Structure formats: C-alpha cells, structure tokens
Amino acid sequence: MHSLLPLNNQSCVVSVLLPLPLNKEYHYNANPMLELNRGDLVEVPFSRRRLLGVVLSLSNETHAELKRLRWVIRRFDLLRLPKNLIDLVEWTASWTLAPRGSVLRMVLSTPSAFDSPKSILFYALASQENRICPKRLTNARRRVLSVFNDCIVIDHKNLLRKAVVGSRVIKSMVESGILDCSSAIQYPIFEPPDITGEWEILNTEQQKAVKILSSRINANRFSVTAVEGIKGSGKTEVYFRAIAETLAAGKQVLVLLPEIVFSSEWLERFTDRFAVKPAVWHSALQVRVRRDTWRAVAKGSVRVLFGARSALFLPFNELGLIVVDEEHESYYKQDVGVVYHARDMAVVRARLEGIPIILVSTTLSLETVENVRQGRYTSIHLAAFCSDINKPEVALIDLRKYSLDRGNFLSQPLIQAMQNTLDKGEQSMLFINRRGYAPLTLCNNCGHRLKCSKCTAWLVMHQMLNQLICHYCGLSTSLPKCCPLCNIRDSFIFSGPGVERLAEEMLLRFPDVKFQIASSDTVKGPNSTAELVRSMQSKEINVVISTQSIFKGYNFPFLTLVGVVDADLGLTGCDPRACERTYQLLHQVVGHVGGASRPAKILVQTLAPENPVMQAIASGDRESFLRFEINQRKAFGMPPYGKLAAIVISSLNLKQVDEVAQLIAKAMPRLNGVIILGPIPAPIAVIRCYHRRRFIVRADRKVNIQKVLRDWLAAIRPKSSVRIKVDVDPYNFM
DNA sequence: AGCACGCCGACT
DNA sequence: GTCGGCGTGCTC
Ligand SMILES: [Zn+2]
Ligand SMILES: [Zn+2]
C-alpha cells in the first residue's frame, strides 16, 4: 500500500481545488484503492454537479466539523498535474489576487480532454483457416478485399473511402467471417520535429548568440535571455536552434506568440526548418483539435507547441525551454477574468520549472530592458544584415505648418509621398489608431453629441456597416434621421479621423487607388489576416489603412511608404506606456518596410515635433529614447521603477458603487512608499450600464503590492451586485 | 460557476 | 391567491 495513505485504511481524506472562482479547497473521502496523490485529477460531486478537480493534499485529519464528507468519484489517469504547474497556479493566483480556482480553470481549460477517447473500428482479413470463401464475390466485396493488397489493417473510415462501399458491405463481410474487426483508440499523431535538417549559415554575431543560448540550455537551470533584433537579424533562426537543441535533449518547448501570427506564413518557417507542422494553441482552434492537443501535450507526444497567451497553462511535463516572441506586445496582458501578464508568468513558470526562457523582440519592453540593466536577465543584440543604404528615412511632418481643411488629415508632404509611391508602383501604409469613420458624431444645429445609451462613450460611425457603434459595449444603432435633441433632419456632422474617413480622403486624391482597411472590424481571424497579407504581397492593393501593426511575421517587399497620421494620439493620456507604444510601433515599422533595392520612407505627422519622443523616433536613436523614457518613468515612479495597481469597483447601481468605493476608501492603508489615488470615476465612468469607480495604487519597488492590496481588501465583502476588480500592473487605463 | 431558496410586484 | 423576477448564499 502507498505510504501516504492513512493507516486506518478504510478511507483517506483529500483536499481538492475546483476550477471555480473560489480560493478554498473542498475535502472528500477517497477510496484507498485510488491511491491518490497531490496533483491527481479527480471527479468529485459538488452540490448536484460533478466537477473535475485537482488533489492538493492528503490528510489524516478527521474533519469532525464536516459530518458528511462526500466521496471522490474517480481518478483520471490521463495525467497527474506536475508540481511545477500547481505551483504556477498558486503563484499566478497570489500575483494577480485571483482565486486559485479561477487560475486552475485556465489549466483545465479543456475538460473534454478527460472524456474517454472514442475508439475506432479497424479491419483485417480473417486468418486463412477461418476464412470462409464464398463462391461468388460481389464487386463491392471484391473492392474491399483488394484494399488489403496494400495494407494489413485499416480503419473504418479509410476502408469505406478506398473500397468505395457502404458500411453495410463491411458489416456483412465481418458477419460472414471474411473480415476480422477490432476496436482500438486512435490517438491523433503529432509528428516529432526533424532536427537533423540543414541549417542556414550564420554570421559570427548569430553564431555567438546561438552559443550563448546553447550554454543556457545546457546549464539546465532557470535563466532569462532577452534577444533583440529587427527583421533580417536572424533572431528567429537563432531561437529555432535553441529549440532544436532542447528537443535533442528530449525536452518539450513552448513558444508564445501574439494571436495574430497563427495560420500565417510565419508558421511555415517552422515547417521549413523542422519538416513538420508545429502543434498550435489559440482561440480559433476547433474543439476536437483543442482536446487532442491538450492530451498530447500532457502525454508528451507534442514536443514543440506554438501558442497564444493561454498556452502558458498547458500541462507540459517535460518542459525544457520557453520562448516569448514579440515579448513587448501588450497582447500578453489579459484584462478579463484572471488579469495576468503571460510574459511575466512565463518567466515565473520557467523559474518554477528551473529552465531557460528566451524573450524575443524587435523592441524589448522597458521592463525587460531594465531587468537586463539590473543584471537579472542577460541580453543578446542582433544587428540587421542590411546596410545603412536601405535604412528607411524617417521624417517628422509638423502639422502646424500645414493647414488642413475640416475633415482632412493628410498633409501635403504625405500626399505627395503617396503620389510618388503610387507612380513607382509601390505600396503605402497609413496608420491611424481609430476604428470606423469618425470618433464623434454631432448635430450641426445644436451641438448634440451622439452617446451610447449604456456607456459614457461617444458612438463611433462605421460607414461600412452604416451603423453607429459603441466601442465599449458593442451597441450598434443606425444613424437617426433627426437630431434627438433639436429634431432637425439630417443635421449630423462627423468629427475626428478614423480609418474609413482616411480612406475617403485618400480616394478623393487618388480615385483609382486600390486599398484595404485593416482594423479589428475588417481583419478578424487568422484567415482574413492571411488574405490581407496575400493581397499585399501580390500587389493587388496599393495602400493599406491600418489601426495596428500588422507586420508580425510578414514580409512586404513593395511597401516603401508608411504614414503615421497622428503620432500624438499615442503620446497623450494617462497610460504610462503610451510613449513606449508609439516608439515601438515606429521602430517596428522602420524594421519592416522596404526591400533590398527599394529605399523606404516613414512620415510621421505630429503637432509636437520638438517632443523628445518624436525626436528620438525621427533620429532612430533608441538610446536617446530609452534615456528620456526611463527618466520620465523614474520621475513619476512608474513601472518598472515603481509598481502600479488599479482597483475598479463596478455596479449597475450608482448608489451602491459609491457606497462600496467609500467603504474601500475608509479602509485605505497609509503606508510608506505607497500612494493611493481615488476613488474617482474611471475614465469611462459607465460601461454597459455598470458604473465604475477606480483607485490607482502606486508603490515603490520594494513594496509587496499584492500584500498591501490583500490586506486592504480582505475585510471588504461587497454584495454580489457590486464587483471589485483588481488589476496588478494594469495596461488598460480606461 | 451553477443552482436553490426566498422575498416582493403584477397577473389569473 | 399564484407566477416569476433576481438578489443571496452555498457547495466538501
Ligand atoms: Zn440637434
Ligand atoms: Zn456602449
């Protein structure tokens, strides 16, 4: 018998964590025959449901206070959650202040993986002596038999297909003893990557990088290596070698990527190198693939997986390396449910697993740069192959010098540059981080502005859909015929830019231009992204008007002009990372435009060309940008030189939200090195009719901000109609 | 998370 | 007098 079992033999008591938004564990009796251990996944009764849970501990305690312990129904043999993964659950929960059960829910995201796998019927010819040879064979039966000329065993589906018969023919052949039938479970095949293939020849710098990464992998312990390099620097090639090396050592590899990359040509690079398709994990995965992948990760048949954020919580058992590509992307910060940063938690997982992690980016985040400077991470910088001749020219356009007509947003130099680009048969891209036609619609007669009925936000006109849309709740209405305030007919005018409005302005200047709009409204899944990329590469379109950087993993050789329509948009507001994001966007653009023989140009429209961020962007001087940005962050104690947290209290009931906010305010701690602002209405004070109040907590680096928050909020028990959301290190300041 | 229990408004 | 709304609380 197992040593961990209680000696009184009849039963043992286990504590089980359930994938519910709860922190506490529940106790169950378990049959000793189940031989339960920490990490075992079990099915337990819970109220009148049956739930999947994880055993956290075994105890001899009598639990006298719990008269009727219920019994563990069964244990799942698919896997036992590795200690490191349980630790990651605990860590993430304590870091984000989420209930442990909510984090466990992310781990057990695919409960169907525990369904008993369906077995498939297989057929073979009956052995000679048993086989009854009918005197006459129908054509259908003959076709079935001929299939077995090429194979010994075949599954039902393929037999039907190859013999072109119905299942009744097969059935009757089994019944008459011609075929033998057996059933077996067929697990989908995830072919192991081939690591014996030829490698590209590396330059000395890349070889050095490979060597460093190789030593990290062989060290077989936790380390963080930041790899920075623009397109063409070979950073992907370099980390592919680290992957190969890890695979050769018999370990699994997890690569985290922004969602946008999936189903793109990017993954083909892996196939080119490793001869197989990598396993992938993202939100658009079909349920069956999802289930099969989860199982295969647990079973170890997936050796390399490319996944979006949520892949971090997959049950790898033999993880040897984590790579976070595009580590600077704020995509990695989840802001619904468990509010966690996948890059940060990936570092935590690597530490818990005792393995190396590689953070890769065109423009490392300031957080990572600071960790490198403090010596916590090491870094590798890869320069680009291409010479300075092809380095794109970046120029600021001072918008104060050009008077733009109402509703126009393209300055003369930008229009001229677009004209030149079109004349050369090359492509342009316009950036404006505003979806739809115009951010504000107002009555020309009385000035009434169209607001969402459920949010404190303007409705955004979307000409393409002919709808006004609220970007916070999704509410969609058609443009009213008359102003709701003054009743004047057709009195609406639009204010401010949007991708659609830019398209309209552009078409006035260049009526024949072929263009596409790239925003979350037009480019939704991986498929539409692939379609956009294809039409770009095949030169079906001359211009892309985009709300976001769509470069990730793609190559646009004919793209030689980028216009940033309003660079100032990213520099205002209360988000401490706004400047960094603008800089990153530009830096990434610089790295991706133009081809071998085509010089490229980047034009940045701004009202504040003297702004140091603009200057750094124009000069392409990363160091001077960093110096400026670091000084700013230090001066205000912003991350990574201080810690931030947001507490958002929300309720449908205005009175209740203020009551709870006041309650929290009364309990506010007064601590050294901690500054708390609030409660104030959140910038979007109402979303979906939920009133929102917010506190911002700023703490010195040495402060344990989680403890401060936990101690503070522990005593606050609001009724269910009021929600309190804690966001440690927020990225979304709305 | 789900599900029952319980207490108030407007229907047969 | 009952039907059903959701606010509250519990699940080993
Ligand atoms: Zn009006
Ligand atoms: Zn709304």
Side-chain angles (χ1 to χ4, degrees), chain A residues 4-6 8 10-34 36-76 81 86 89-90 92-93 96-115 287 290 310 313 334-340 454 649-661 663 688-691 713-726:
Chain A
L4 284 169
L5 288 177
N8 66 14
Q10 287 315 306
S11 72
C12 70
V13 174
V14 292
S15 70
V16 176
L17 182 65
L18 299 166
L20 303 177
L22 303 165
N23 233 328
K24 74 177 174 193
E25 299 153 34
Y26 287 83
H27 298 271
Y28 291 89
N29 278 321
N31 186 332
M33 302 287 277
L34 287 175
L36 291 182
N37 264 305
R38 179 176 161 88
D40 274 328
L41 293 164
V42 289
E43 188 177 37
V44 292
F46 192 71
S47 167
R48 64 212 57 215
R49 296 180 283 168
R50 287 167 159 215
L51 288 177
L52 172 64
V54 62
V55 174
L56 285 192
S57 64
L58 318 185
S59 60
N60 284 317
E61 291 168 48
T62 49
H63 295 276
E65 77 279 15
L66 297 163
K67 289 238 171 62
R68 305 192 312 264
L69 281 191
R70 296 174 81 180
W71 289 76
V72 170
I73 297 166
R74 59 181 164 147
R75 187 190 75 189
F76 292 100
L81 281 197
I86 299 176
V89 169
E90 307 255 6
T92 307
T96 61
L97 277 83
R100 290 185 299 168
S102 300
V103 184
L104 179 65
R105 198 158 197 271
M106 303 197 290
V107 174
L108 303 175
S109 62
T110 315
S112 64
F114 295 89
D115 297 345
V287 275
R290 206 176 181 75
S310 60
F313 293 97
Q334 172 147 51
D335 73 358
V336 287
V338 180
V339 190
Y340 71 99
K454 296 179 175 176
I649 305 115
S650 63
S651 173
L652 291 168
N653 185 316
L654 177 60
K655 213 178 123 225
Q656 286 180 5
V657 81
D658 278 322
E659 274 168 19
V660 174
L663 207 67
R688 279 177 207 275
C689 303
Y690 280 83
H691 298 271
L713 299 174
I716 315 280
R717 320 186 102 278
K719 24 185 172 180
S720 61
S721 54
V722 181
R723 282 211 329 253
I724 299 177
K725 179 188 155 188
V726 179

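First the proteins, then the strands, lettered A, B, ... as listed; each starts at 1. On a predicted model such as this, the values are computed, not experimentally measured, just so you know.
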Ser721(A) side chain: which of dA1(B), dT8(C), dC12(C) is closest?
dT8(C)
Nucleic acid contacts of residues 40-53 of chain A, taken as heavy-atom distances under 4.0 Å to DNA chain B:
Arg48(A), Arg49(A)
Is the backbone of Val339(A) close enough, under 3.5 Å, to the side chain of Thr96(A) for a donor and an acceptor to pair up by distance?
no
Testing Leu34(A), Leu36(A), Val14(A) one by one against Val42(A) for a side-chain contact (heavy atoms from CB on, under 4.5 Å), which residue passes?
Leu36(A)
When every non-hydrogen atom of Pro19(A) is compared with those of Arg105(A), the smallest separation belongs to O-CD, 3.2 Å
Rounded to whole Å, CE of Met106(A) lies from C1' of dA1(B) at a distance of 16 Å
Measure from CZ on Arg68(A) to P on dT11(C) and round the result to the nearest Å.
9 Å
Got a second to check how far Leu108(A)'s CG is from Leu41(A)'s CG, nearest 0.5 Å?
6.0 Å
Is the side chain of Asn23(A) donor-acceptor paired with the backbone N or O of Arg100(A) at a distance under 3.5 Å, no angle test?
yes
Between P of dC3(B) and CG of Leu20(A), the distance in whole Å
12 Å
Distance check needed: dG2(B) P versus Leu18(A) CG, whole Å only.
13 Å
Between C1' of dC12(C) and CG of Leu58(A), the distance in whole Å:
16 Å
Side-chain donor-acceptor pair under 3.5 Å between Ser15(A) and Ser57(A), yes or no?
yes
Rounded off to whole Å, could you give me the CG-to-C1' distance for the Asn23(A) and dT11(C) pair?
16 Å
Using a heavy-atom cut-off of under 4.0 Å over every strand shown, decide if Lys719(A) touches base, sugar-phosphate, or nothing.
sugar-phosphate
Mind calculating the distance between CG (Leu108(A)) and C1' (dA1(B)) to the nearest angstrom?
14 Å
Figure out the CD/C1' separation between Glu25(A) and dC12(C), and round it to whole Å.
11 Å
